Protein chains: 2
Amino acid sequence: MKKAIGVIIIITTVLCNRAEAQDSSLFPKGEIGKNTNNYTGTIWLSELNQPDSNFTFSLAQAVYAPGAKLDWHIHPGGQYLLITEGTGYYQELGKPVQVVHKGDIIKCLPGVEHWHGASPGSTFSYIGATPTQKGKTIWLKRVTDEEYNSGK
Amino acid sequence: MKKAIGVIIIITTVLCNRAEAQDSSLFPKGEIGKNTNNYTGTIWLSELNQPDSNFTFSLAQAVYAPGAKLDWHIHPGGQYLLITEGTGYYQELGKPVQVVHKGDIIKCLPGVEHWHGASPGSTFSYIGATPTQKGKTIWLKRVTDEEYNSGK
C-alpha cells in the first residue's frame, strides 16, 4: 500500500512538473479576459502594473491560445507590443496582415485601427506598453474569417 | 575534398545552432553597455523603442552575466523592472538586499537611490520601463563588495 502511494506521488509530481514546463509564460497568466465581447478564442491577460501620476502607461502580458484574436480596436495613445513567445498576426486597417514572431516589436501609433492575434498553429504572447493619458481602448468590430485567413 | 567541406559545414551549422539555443534572451542582446563607468561585470543593453511625444517612456532589455551589477543610481521618473530570466539582487538605500527572480516585478519610485544586478550564480534579465519626462538616470557610486555580498 505504501509502495502504491509512493508511486502515485511520483507520477503526480512528474505530471505536475510537465504541466509547469508547458506553461512558458514569463509572468503568471492571470485571468481569462474579463470583457468577453472583444475577442474570440482563449486569451489570458495579466496586468503587470497600476498606472498612476508617476507611471502614465500600463504594462500587461497577454497570452493567446492558437487561433485566438482580439477584435479590431484603437488605442487613443498608441501601444508598443514586445513579442515574447510564438507566432501571431498583426494588421492595420488598409494594410496586409503581418506575420510576427518572438523578438519582434510592434509600434502602433495613436488612433490607428488594428487587430492582433495568434496564428492558427502557435501560442502567442507579448508584453504591451500602452500610454494611458489619452484614454482607454476603443473596441470595434470582430475580425472576419477572411481577414484572419489572409495571414495564412 | 567536397566531403570534407560538407562535414565542416554540418559541424559549423550544429555549433551555431547550439550557440543560438544557449542565448535565451527574448530580444537581440544588443551592445555591451556603452557607458563603461556605471557598472561592473558584463551587461548587454538593448533599447526596444525610441521615446517621443506619444510614448514618454523608454523600453529596454538588460541581460547581466552572473555577478554583473549597476552602480547605485536614481531614476528621476522612477522605473518598472519586469524580470524575465534568472535571479538577481535589488536594493534601495537603507533597506536590505532583495533576492528577485524571473516573474517578479519591481516598482522603483521616482528619486529612490538603488542598485540592481545578477546574483553570483545566475544570469539575470529584465525589461525596464522608464518614464522619460523627468530626465535621465543619475549615476552615483559603485556598489561595494560588502553591499553586494549581503544578498548571498
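Every chain is numbered from 1 and lettered A, B, ... according to where its sequence line falls, protein lines coming before strand lines. Computed from a predicted structure; not experimentally measured.
Between A:L26 and B:L26 the shortest side-chain heavy-atom distance falls below 4.5 Å.
The two residues B:P131 and A:F57 come nearest to each other via the heavy atoms CG-CE2, 3.9 Å. B:F27 and A:I105 make their closest contact through CE2-CG1, 4.0 Å (heavy atoms, listed as atom of the first residue, atom of the second, distance).
There is a path of hydrophobic side-chain contacts, each under 4.5 Å, that joins B:F124 to B:I32. Note on B:V143: it clusters hydrophobically with B:L93, by side-chain heavy-atom contacts below 4.5 Å among ILVMFWY residues. Both A:L81 and A:V63 are members of a single hydrophobic cluster when ILVMFWY side chains are connected at heavy-atom separations under 4.5 Å. In the hydrophobic cluster analysis, where Ile, Leu, Val, Met, Phe, Trp and Tyr join through side-chain heavy atoms closer than 4.5 angstrom, A:I106 is grouped together with A:I43.
When heavy atoms are compared at a cutoff of 4.5 Å, A:L82 approaches chain B by way of both its backbone and its side chain. For A:L48, the parts sitting under 4.5 Å from any heavy atom of chain B are the backbone and the side chain alike. Looking at A:I127, the atoms closer than 4.5 Å to chain B (heavy atoms on both sides) all sit in the side chain, from C-beta outward.
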Could you list each donor and acceptor atom pair linking chain B to chain A at less than 3.5 Å?
{"from": "B:D52", "atom 1": "OD2", "to": "A:K107", "atom 2": "NZ", "distance (Å)": "3.3"}
{"from": "B:K107", "atom 1": "NZ", "to": "A:D52", "atom 2": "OD2", "distance (Å)": "3.3"}

